[in-house]
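Comments concern the structure below.
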2 protein chains.
Amino acid sequence: MARRATHPASSDLDARKATILEAVVSEHIDTAQPVGSSSVASSADLGVSSATVRSEMVSLEREGYLAQPHTSAGRVPTDKGYRYFVDHLASGVLGTVQQHQLSDFFASVRGEVEDVLEQTSTLLSRMTSYTAVVVAATHAHSSILSAQLVNIDARHQLLVSVFSDGSVVKHSLTPPFDVDFETCTEASRQLNALLIGTSLESAVQVPSRQDHVAVLVREAVAALHAAPPTADGERVFIGGSSRVADSFDGVETVRKVLSILEQELLVVSLVQDMLNRGLSVAIGTENGYEPLSACAVVVAPVTIDGATAGAVGLLGPTRMKYQEAMAAASAVSQHLTRHFGGDEENANH
Amino acid sequence: MARRATHPASSDLDARKATILEAVVSEHIDTAQPVGSSSVASSADLGVSSATVRSEMVSLEREGYLAQPHTSAGRVPTDKGYRYFVDHLASGVLGTVQQHQLSDFFASVRGEVEDVLEQTSTLLSRMTSYTAVVVAATHAHSSILSAQLVNIDARHQLLVSVFSDGSVVKHSLTPPFDVDFETCTEASRQLNALLIGTSLESAVQVPSRQDHVAVLVREAVAALHAAPPTADGERVFIGGSSRVADSFDGVETVRKVLSILEQELLVVSLVQDMLNRGLSVAIGTENGYEPLSACAVVVAPVTIDGATAGAVGLLGPTRMKYQEAMAAASAVSQHLTRHFGGDEENANH
DNA sequence: TGTTGGCACTCAATTCTACCGAGTGCCAGC
DNA sequence: GCTGGCACTCGGTAGAATTGAGTGCCAACA
């Protein structure tokens with residue numbers, strides 16, 4: 001990875017090749033058709049003929065940026081070609097119409113966090129015409145503000161826990177004995193004393209006695225600390241899954257992508273994996289899921305108090321409009337960050 | 001609607017026509033191809049020639065049960081044809097494999113109601129290879145077991161209500177003043193006194209004072225009684241939406257159906273509408289939603305203590321396997337009914 | 001050495017033709 | 001009322017011919 005000279009290092013291209021590659025990619029994104037040398041020669045205004053472009057394309061193909069569906073067709077970008085494209089992309093700006101759409105939305109939106117995120121995913125999808133994903137991170141680090149045990153009936157109790165991030169989680173308990181009102185109230189009192197201020201990560205000193213109250217308390221703490229309580233740890237909101245049908249032509253591809261989207265845990269780990277790897281765009285096989293090899297995914301993190309609190313993402317075909325998608329995703333993530341991070345200032349507007 | 005004689009009333013068919021119609025429908029369900037007179041003549045063992053079948057088919061077409069894609073093609077059932085078919089259907093029985101699958105599932109399933117219903121929808125979809133819908137009815141009639149106000153911070157309070165059906169609902173409050181711990185606790189105490197035992201339908205006598213506690217209490221009650229609190233009133237679980245891609249050929253149809261499924265409120269009202277009309281099957285336009293005119297929907301109610309507590313449904317193409325679908329839906333609905341209705345007996349197993 | 005116009009070549013897509021065959025409608029005869 | 005027979009229709013398929021976009025290569029040129 002030393003000099004960059006006449007023979008460019010494999011990860012870099014000379015100016016003309018770069019221009020040609022970009023022209024091919026953007027035209028193919030527009031038209032979904034293979035791109036020929038002549039249309040590149042005329043659209044990109046490097047003053048060369050199609051023959052020259054042609055020979056450059058041959059070398060771009062040799063280096064793996066382009067591919068030919070068949071001889072005597074134009075070129076199509078490979079995943080590597082798209083990768084180069086997005087890495088050298090002037091980060092686009094959101095259209096003013098969409099900026100207003102966003103501002104209006106966040107200015108007027110009301111209700112619970114879940115509703116806001118749900119609606120956000122729908123909005124983002126409508127703005128981009130891709131499938132949108134909004135992930136709200138786990139509350140593992142949040143502390144518990146309240147833990148209450150409610151007696152549904154003698155054999156069923158419900159532990160309702162409220163976290164400092166405003167999330168509420170319930171856990172059913174079915175102890176092997178009947179529970180009367182007093183026992184439940186006492187257990188609830190003890191749970192409150194035990195749990196308030198702790199987080200899910202901190203260990204809790206449970207009573208070791210064998211009386212009903214103690215058993216209840218132990219069961220409750222165990223349920224709370226058990227792995228995914230209800231699948232509420234990470235919450236996913238998927239908007240515009242019907243867009244998948246437009247984005248891909250093969251029925252089989254559509255089915256595969258949809259069935260991935262159904263598995264929300266998988267979507268979460270995909271997004272989180274990208275954030276961990278510091279990727280904001282995953283193209284084709286980069287995302288690591290074979291059924292999504294025809295897809296590109298764009299993500300942008302949402303941070304609250306400096307910590308990652310979630311993410312927004314967009315899923316489309318590899319020939320997606322990256323500028324627009326990235327601009328939209330990052331704009332939405334910023335709005336979300338502001339919306340949930342700086343409530344105080346916002347309230348004064 | 002009087003005699004049924006040589007000229008059958010339009011809603012009824014003579015035995016031979018019925019046999020022919022059934023043969024056409026079931027073959028078309030199997031093959032997805034237009035059905036010709038000769039294959040009917042041989043499959044259905046009425047001892048007549050294809051010519052006779054042909055003339056009967058002409059009259060079935062005139063009466064609207066069959067249609068021809070074009071001259072010199074076989075016949076395809078119309079919605080009316082399918083309707084006759086399901087109305088005169090021997091109610092199928094579930095295969096023993098699937099019966100076991102179901103029993104095993106419900107014997108081993110654990111966790112919160114939401115998780116069970118979610119998994120049920122996935123199972124039902126896998127069993128039938130159609131898209132499954134599970135609707136859990138509103139808790140409007142349930143009484144409130146607990147209402148607690150939790151102080152997130154000075155400007156944010158969370159009302160957490162627990163209902164007798166085990167559901168938990170949260171409402172954010174943002175009063176126009178800072179709230180300290182004592183005020184919140186006192187408001188919470190009053191809310192408990194006020195709300196416990198009431199249902200969402202019953203009116204509540206709120207305090208008319210102007211102090212902070214009273215204002216908080218009023219806000220909380222108002223939030224609780226406001227129309228759809230979080231969209232948690234009816235809960236919908238959709239399993240196997242990717243099956244839509246297999247069920248229909250036109251991309252456009254797939255998109256339309258998916259985008260209906262995205263609007264969960266719409267799905268709820270569709271199912272509820274069918275239950276109200278006493279329909280267990282809606283074919284084509286019968287469901288009332290134009291984008292779903294290529295679909296058939298099968299529903300079965302889930303009852304607890306005699307009242308409708310929800311429903312399960314299946315959505316497929318109009319040429320869906322009605323017997324299987326109806327058998328699966330009703331079997332699942334019965335399992336759910338038993339699972340949530342008669343917990344006590346089940347626990348003794 | 002890089003660029004270019006020219007030219008032969010390739011190959012998917014389109015069009016046209018012919019033809020097959022499944023299926024129909026009709027009808028005369030049983 | 002049923003049937004076998006027959007002419008007819010028309011979508012689907014197969015093959016051949018044609019088109020045209022686009023390529024690779026090369027000799028000539030600056």
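All chains are named by letter (A, B, ...) in the order of the sequence lines, taking the proteins before the strands, and each is independently numbered beginning at 1. This is a predicted model, so every value here is computed, not measured.
- When rounded to the nearest whole Å, the span between CD of A:Glu56 and C1' of C:dG2 equals 10 Å.
- Per the geometry, CZ belonging to B:Arg54 stands 18 Å off P belonging to D:dG1, to the nearest Å.
- Judged by distance alone, the side chain of B:Gln68 and the main-chain N or O of B:Arg75 form no donor-acceptor pair under 3.5 Å.
- Residue contacts shown for B:Thr71 are limited to sugar-phosphate atoms, with no base heavy atom under 4.0 Å away.
- Here the C1' atom of nucleotide C:dA22 and the CE atom of B:Met57 are 13 Å apart, to the nearest Å.
- The side chain of B:Arg75 sits closest to C:dG25 out of C:dG25, D:dC10, C:dT4.
- When distances run from any side-chain atom of A:Ala51 to the nucleotides C:dT4, D:dT23, D:dG11, the shortest one goes to C:dT4.
- Proximity of B:Thr52 to the phosphate of D:dT3: a side-chain N or O atom is located under 4.0 Å from OP1 or OP2.
- The CD1 atom of A:Ile20 sits 10 Å away from the P atom of C:dT3 (whole-angstrom rounding).
- Once rounded to the nearest 0.5 Å, the distance linking CZ of B:Phe85 with CD1 of B:Ile283 reads 9.5 Å.
- A:His70 places its NE2 atom 15 Å from the C1' atom of D:dG24, with the value rounded to the nearest Å.
- Between A:His28 and A:Tyr82, the ring planes are tilted. Angles from 30° to 60° get that label.
- The minimum heavy-atom distance linking A:Leu94 with A:Gln99 is given by the pair O-NE2, 3.1 Å.
- Between the OG1 atom of A:Thr78 and the CD atom of A:Glu63 there is a distance of 11.0 Å, given to the nearest 0.5 Å.
- The separation between B:Gln33 atom CD and C:dA22 atom P is 13 Å, rounded to whole Å.
- Not a single donor-acceptor pair, N or O on each side, falls under 3.5 Å between the base of C:dT24 and the side chain of B:Ser72.
- C:dG25 atom C1' lies 16 Å from atom CG of B:Leu60, rounded to whole Å.
- Atom CZ of B:Arg62 and atom P of C:dT24 are 15 Å apart (whole Å).
- With C:dT3, C:dG25, D:dG11 as the choices, the nucleotide that has an atom nearest any side-chain atom of B:Gln68 turns out to be C:dG25.
- Across all strands shown, A:Ser50 has no heavy atoms under 4.0 Å from either base or sugar-phosphate atoms.
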